[in-house]
Amino acid sequence: MRRSALFLPTERQPPADAEALSHKLMVRAGLVRQLGAGLWSWLPAGWRVHQKVVQIIREEIDAIGGQELLLPVMHPRELWRKTGRDQIEELFTLEDRKGAEMVLAMTHEEAVTFHVGAAVKSYRDLPKTLYHFQVKERDEARPRAGILRTREFIMKDSYSFDRDEAGLDVQYEAHRGAYAKIYDRTGLEWFECRSDVGMMGGTVAHEYMAPCPAGEDDVVLARGYASNLEVASADPQPVELPGDTEAAEVTTPGATTVEALTASLGLPAGALLKAYPVIAEDDGRLVLVMVRGDHRVNPVKLQNALRSPFRPAGTEEIAAQVGPAGYIGPHAPLTAVETLYDAAIEAGPYVVGANRADTHLRGFVVPEGATRADVRLVEPGDTIGGEPVRIVTAIEIGNIFKLGTRYSEPLGATYLDADGKPQKIVMGSYGIGPARIAAAAVEQFADEKGISWPVAIAPWTVNLVSLGKGGTPERAAADALYEQLRAAGVEVLYDDRDTGNGEKFAEAELLGCPLRITLGKRSLDSGLLEAQIRRELQDVEGGIPLEGAVGAVLGILPTLA
RNA sequence: CGGGGCGUAGCUCAGCCUGGUGGAGCGCCGCGUUUGGGACGCGGAGGUCGCCGGUUCAAGUCCGGCCGCCCCGACCA
């Protein structure tokens with residue numbers, strides 16, 4: 001591609017409203033432009049990156065037997081009513097001219113299950129894996145960070161259909177393998193994490209995370225362990241408990257916070273227990289959740305432990321059922337108030353609220369038979385296998401779910417087994433967001449000069465910069481080299497503009513093609529081209545000879561990251 | 001959805017408090033000089049100041065409403 005012909009609107013300054021690095025750089029480099037909140041256009045260079053990611057995904061999903069198709073974005077609402085997902089807030093809804101209710105699909109479980117359910121009759125028709133790359137529409141409450149969280153985006157989603165759980169297991173593992181290959185091929189740093197199955201239901205879920213500063217999730221990492229902070233578990237840091245042997249009341253006026261208590265009692269925060277009263281929303285019961293003073297409740301883990309959504313109890317509910325806010329603690333008889341002790345709590349003795357104003361209790365020992373569950377947030381300093389965990393921010397770049405019969409049941413997708421009995425089709429779903437992969441790559445590899453693409457997803461692998469003006473011998477030589485590289489199948493962006501050299505270099509660094517080769521008057525004198533690898537801005541030692549340059553370039557390409 | 005902020009040239013912003021013929025830098029066009037790191041000079045084009053209404057002799061500026069966008073939080077099968 002000749003730069004002079006390319007639609008690549010670059011900017012020297014990032015847009016005023018950009019915050020995330022990938023947002024700033026992708027706009028500056030002319031890859032994407034914003035049309036509205038959470039609505040982004042992919043310009044030619046950016047689209048090349050997107051399509052490279054798409055092609056990698058396509059090849060690997062094809063390799064595990066996936067069959068590509070295309071499902072509509074707009075669906076009859078009735079289909080979503082059947083699965084109950086028409087109630088999701090983020091779902092865009094509209095009516096057609098006849099007043100028929102429609103929705104814009106956020107994912108395609110309903111649509112694909114509709115077709116498979118109608119077409120699959122026999123166990124002989126299974127298993128199948130179908131996938132597509134299609135636009136997803138989500139009315140996000142808050143789109144953010146440029147391309148990272150948008151209201152409309154392309155997703156690769158595959159769906160597996162099996163006779164039974166065993167078949168699903170096979171497909172699930174096949175996808176795990178394919179995903180590992182896909183992310184490795186893109187050149188990203190990534191982790192496979194255990195994740196919350198969420199309201200999707202099902203039994204098993206993994207998500208794929210790319211560490212980057214603009215990420216929205218926190219991932220807990222240790223040797224052989226990677227988990228979303230939402231569901232992560234680790235060993236707590238030990239805490240030295242006081243040697244209280246008997247329960248004793250202490251007067252603690254105004255000490256309603258852990259900080260105030262630790263200061264006045266001279267004890268570490270971990271020697272206190274915090275009481276967190278919540279109301280389980282399915283039956284309205286109050287549960288007193290106890291965690292160590294230096295720990296925090298993990299809402300996702302707590303919801304799973306309670307088997308119900310919950311909300312924090314109000315001051316009046318606390319006063320009526322437990323005690324005065326700021327001084328609440330466990331009630332002595334286990335039956336008095338339902339109490340859940342976090343797993344990190346040892347026997348004791350601890351300091352707890354006495355359920356009376358200005359009073360705490362020392363020497364509290366957790367009663368035998370108390371209910372326990374791991375409901376705390378993993379903290380920096382926690383360990384796994386004796387090794388301290390790392391907690392990194394990351395962006396989710398894919399996920400896989402075992403759906404089971406979550407969709408086949410309401411949509412009546414069944415088949416006849418060998419005995420002629422109807423059986424529900426067992427499903428899995430597997431998503432990847434190519435745009436997020438592109439943005440994560442920008443975040444992970446950018447430096448102060450700009451983007452540095454992994455070669456596998458770079459818009460062009462080579463950026464040929466001609467320093468001469470039109471009509472000069474060096475320009476003629478660059479033109480010839482461009483044609484030779486193209487003929488050799490090299491993806492080359494050729495900067496053939498009559499503009500300042502500094503401008504060309506700066507733009508090449510901003511755009512981030514893996515290899516830049518420069519041809520100026522000097523090259524004709526010396527017979528050498530300058531070649532620079534974008535990653536770390538490393539010059540190729542001694543340059544490359546003008547004579548036989550194509551072969552030299554072809555030799556360098558496989559060495560690039 | 002709660003809180004905060006912003007909307008003036010293609011981009012980044014000043015001007016608004018204190019109303020009186022709209023500016024800067026970069027970019028763009030022309031000419032010339034430069035020519036291996038966003039170079040310089042001269043000349044030029046480019047604006048319903050987000051929209052609607054109000055106050056006023058006069059509104060980018062003051063007042064009201066609306067729309068749009070960003071950030072923090074909530075939310076994110």
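Here is how names work: the chains are called A, B, and so on, in the same order as the sequence lines, proteins then strands, and each is numbered from 1.
- Looking at heavy-atom distances under 4.0 Å, A:Gly500 makes no contact with the nucleic acid at all.
- Rounded to an integer number of Å, the gap from A:Met106 CE to B:C75 P is 16 Å.
- A distance of about 24 Å separates the C1' atoms of B:A45 and B:G50, rounded to the whole Å.
- Atom CG of A:Leu524 is separated from atom P of B:U35 by 17 Å (rounded to the nearest Å).
- Rounded to whole Å, atom P of B:G38 lies 14 Å from atom CZ of A:Arg497.
- Between A:Tyr172 and A:Tyr430, the angle of the ring planes lies from 30° to 60°, which puts this pair in the tilted group.
- Taking the side chain of A:Gln34 as heavy atoms from C-beta on, and the options B:C76, B:C70, B:A77, the nearest nucleotide is B:C70.
- Contact annotation for A:Lys469: base contact, defined as any heavy-atom pair under 4.0 Å involving a base atom.
- When rounded to the nearest whole Å, the span between CZ of A:Arg81 and C1' of B:A77 equals 19 Å.
- Mapped onto RNA chain B by nearest heavy atom, A:Leu35 and A:Met155 fall at different nucleotides, with A:Leu35 at the one closer to the 5' end.
- For the pair A:Phe92 and A:Arg138, the tightest heavy-atom approach, listed with the atom from each and the gap, is CE1-C, 3.5 Å.
- A:Arg516 comes within 4.0 angstrom of a base, heavy atoms only.
- The partner of B:A9 is absent, by the rule that a Watson-Crick or G-U pair needs both atom distances under 3.5 Å.
- Separation of the C1' atoms belonging to B:C69 and B:C31 is 41 Å when rounded to the nearest angstrom.
- Between the side chain of A:Arg475 and the backbone N or O of A:Asp496 there is at least one donor-acceptor pair closer than 3.5 Å.
- Distance noted for atom P between B:A77 and B:C67: 28 Å (whole Å).
- Here the separation of B:C13 from B:G54, taken at their P atoms, is 33 Å to the nearest Å.
- Across all strands shown, nothing is found opposite B:G46 as a Watson-Crick or G-U wobble partner with both distances under 3.5 Å.
- Straight-line distance from the CD atom of A:Glu140 to the P atom of B:A77: 8 Å, rounded to whole Å.
- More than 12 heavy atoms of other residues, nucleotides or ligands lie within 6.0 Å of CD in A:Gln538, so this atom counts as buried by the packing criterion.
- The listed nucleotides are B:C76, B:G37, B:A77; the one nearest the side chain of A:Arg85 is B:A77.
- Comparing B:G64 with B:A74, their P atoms sit 32 Å apart, to the nearest whole Å.
- Taking only side-chain atoms of A:Ala37, from C-beta outward, the nucleotide of B:C70, B:G38, B:A77 with the closest atom is B:C70.
- Taking the P atoms as reference points, B:G60 lies 10 Å from B:U21, given to the whole Å.
- Counting heavy atoms from C-beta outward, A:Val492 and A:Leu481 have side chains that stay 4.5 Å or more apart.
- Taking a pair to require two hydrogen-bonding distances under 3.5 Å in either a Watson-Crick or a G-U wobble arrangement, B:C76 remains unpaired.
- Among the heavy atoms of the strands, none lies under 4.0 Å from A:Ser466.
- Between A:His75 and A:Trp80, the ring-plane angle classifies as tilted under the 30° and 60° cut-offs.
- One N or O on the side chain of A:Asp342 and one on the backbone of A:Arg376 form a donor-acceptor pair closer than 3.5 Å.
- Using a 4.0 Å heavy-atom cutoff across all strands shown, A:Gly468 reaches no nucleic acid atom at all.
- Shown here for A:Ala45 and A:Leu31, the closest heavy-atom pair between the two residues is CB-CD2, 3.6 Å.
- Both distances falling under 3.5 Å, in either a Watson-Crick or a G-U wobble arrangement, occur for no nucleotide opposite B:G27.
- Here the C1' atom of nucleotide B:C76 and the CD atom of A:Glu90 are 6 Å apart, to the nearest Å.
- Distances were taken from every side-chain heavy atom of A:Asn501 (C-beta onward) to each of B:U35, B:A77, B:C1; the shortest belongs to B:U35.
- The 12-atom threshold is not exceeded at CZ of A:Phe114, counting heavy atoms of other residues, nucleotides or ligands nearer than 6.0 Å.
- Remark: B:G20 base-pairs with B:C57. Criterion, Watson-Crick or G-U wobble with two distances under 3.5 Å.
- OP1 or OP2 of B:C71 has not a single side-chain nitrogen or oxygen of A:Arg144 nearer than 4.0 Å.
- Spacing between B:U34 and B:G41 at atom C1', rounded to whole Å, works out to 11 Å.
- Put simply, CG on A:Asp498 is 16 Å from C1' on B:G30, counting in whole angstrom units.
- Taking a pair to require two hydrogen-bonding distances under 3.5 Å in either a Watson-Crick or a G-U wobble arrangement, B:G64 pairs with B:C52.
- Looking at A:Tyr482, its side chain does come within 3.5 Å of a backbone N or O of A:Met1 through a donor-acceptor pair.
- Residue A:Ala20 is classed as having no contact, given no heavy-atom separation below 4.0 Å to the nucleic acid.
- Residue contacts for A:Gln87: at a heavy-atom cut-off of 4.0 Å it reaches no nucleic acid atom on any strand shown.
- Between B:G15 and B:C57, the distance separating the two P atoms is 28 Å to the nearest Å.
- Pairing partner, B:C40: B:G32, with both Watson-Crick or wobble hydrogen-bond distances short of 3.5 Å.
- Where A:Thr518 and A:Trp40 meet RNA chain B, the nucleotide closest to each residue was compared, and A:Thr518 sits on the side nearer the 5' end.
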Identify each atom pair where a protein N or O and an N or O of nucleotides 7-15 of chain B are less than 3.5 Å apart, giving names and distance.
{"unit_1": "B:C11", "atom_1": "O4'", "unit_2": "A:Glu11", "atom_2": "OE1", "d": "3.4"}
{"unit_1": "B:U12", "atom_1": "OP1", "unit_2": "A:Ala16", "atom_2": "N", "d": "2.7"}
{"unit_1": "B:U12", "atom_1": "O4'", "unit_2": "A:Gln13", "atom_2": "OE1", "d": "3.1"}
{"unit_1": "B:U12", "atom_1": "O2'", "unit_2": "A:Gln13", "atom_2": "NE2", "d": "3.3"}

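- A straight line from CZ of A:Arg406 to P of B:A77 spans 13 Å, rounded to a whole angstrom.
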